[in-house]
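Computed from heavy atoms alone, side chains included, the values below leave out hydrogens, waters and symmetry copies. Worth saying up front: this structure is predicted, and the values here are computed from it rather than measured.
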Amino acid sequence: MVASPAARWLGVEADRAGRLKVGANLSVPGHPEIFAIGDTATITGQPGIPGIAPAAKQMGSYVGRLIAAQVAGEPSPGQASPTPFRYRHLGDLATIGRHAAVVKFGRLELTGFLGWLFWSVVHIYFLIGVRDRFIVAFTWLWDYLTFQRGARLITEVRRRSGNRPRHHAAVVPRELGSIVAAALPV
């Protein structure tokens, strides 16, 4: 796995994994107008921020507040030292299988079926829009009751006008997934 080529695009320093080295306010050194978040960035002096969605969301909110302040006429990130970004770990959620998950939020620790149920509810809650929540909840319930699991495979790439690729995906039962994947042209 390789990090984003953003450091190469910008001609700035990267760490060994290829992530942009950013300052405490998530701006690229020498480019206070450029911010990097998520697993594209590593914060100088703050090792150990995981490359997971909650960390990227926190970084995005932080940068959004900085940009809003700058637009409102407050000092820009390069001129003053805003409060540095600080990652707040809210807990751990991990699914292990059909009936098992691990949940750790402070003193709350759940495992097994109860952890899996909690994991499912939390993931559905964080989806955007009632329609998406309903569709995912119904799909998961159907898959759970019928013991079906689908694998999404990109079966072909077509170019449309403007040279943008168009992907066609297929939902294939898990049992056939490896057979179909093996039959696809490389």
Membership question, hydrophobic clusters at under 4.5 Å side-chain separation (ILVMFWY): are [Y] and [X] in the same one?
X      : Y      : answer
Leu66  : Val71  : yes
Val122 : Leu127 : yes
Phe118 : Leu114 : yes
Tyr125 : Val136 : yes

Backbone N/O of [Y] and side chain of [X]: donor-acceptor pair under 3.5 Å:
X     : Y     : result
Gln46 : Phe85 : yes
Arg88 : Arg86 : yes
His89 : Gly91 : yes
Ser27 : Phe35 : no

Do Phe105 and Leu93 have side chains that approach each other closer than 4.5 Å (heavy atoms only, starting at C-beta)?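 Answer yes - side chains close enough.
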Trp140 versus Ile124: any side-chain heavy-atom pair under 4.5 Å?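 Heavy-atom side-chain distance check passes, below 4.5 Å.
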Which pair of non-hydrogen atoms, one from Gly115 and one from Val103, has the smallest distance, and what is that distance?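 Taking every non-hydrogen atom into account, O-CG2, 3.5 Å.
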Shortest non-hydrogen contact from Ala56 toward Ile37: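 Taking Ala56 first and Ile37 second, the nearest heavy atoms are O-CD1, 3.9 Å.
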Is the Phe138 ring parallel, tilted or perpendicular to the Trp142 ring (thresholds 30°, 60°)?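 Rings of Phe138 and Trp142: parallel, as their planes differ by under 30°.
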Tell me whether the rings of Tyr144 and His99 are parallel (<30°), tilted (30 to 60°) or perpendicular (>60°).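 It falls in the perpendicular class, over 60°.
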May I ask you to check whether over 12 heavy atoms, not counting those of Leu108, lie within 6.0 Å of atom CG?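 Atom CG in Leu108 is crowded, with more than 12 foreign heavy atoms closer than 6.0 Å.
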Count the heavy atoms of every other residue, nucleotide or ligand shown that sit under 6.0 Å from CZ of Phe113, and state whether that count exceeds 12.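 More than 12 heavy atoms, drawn from other residues, nucleotides or ligands, come within 6.0 Å of this atom.
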With side chain to side chain contact (heavy atoms under 4.5 Å, CB included) as the test, pick out the partner of Val12 among Ile34, Leu20, Val22.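 So, applying the side chain to side chain contact (heavy atoms under 4.5 Å, CB included) to Val12 and each of Ile34, Leu20, Val22, only Leu20 qualifies.
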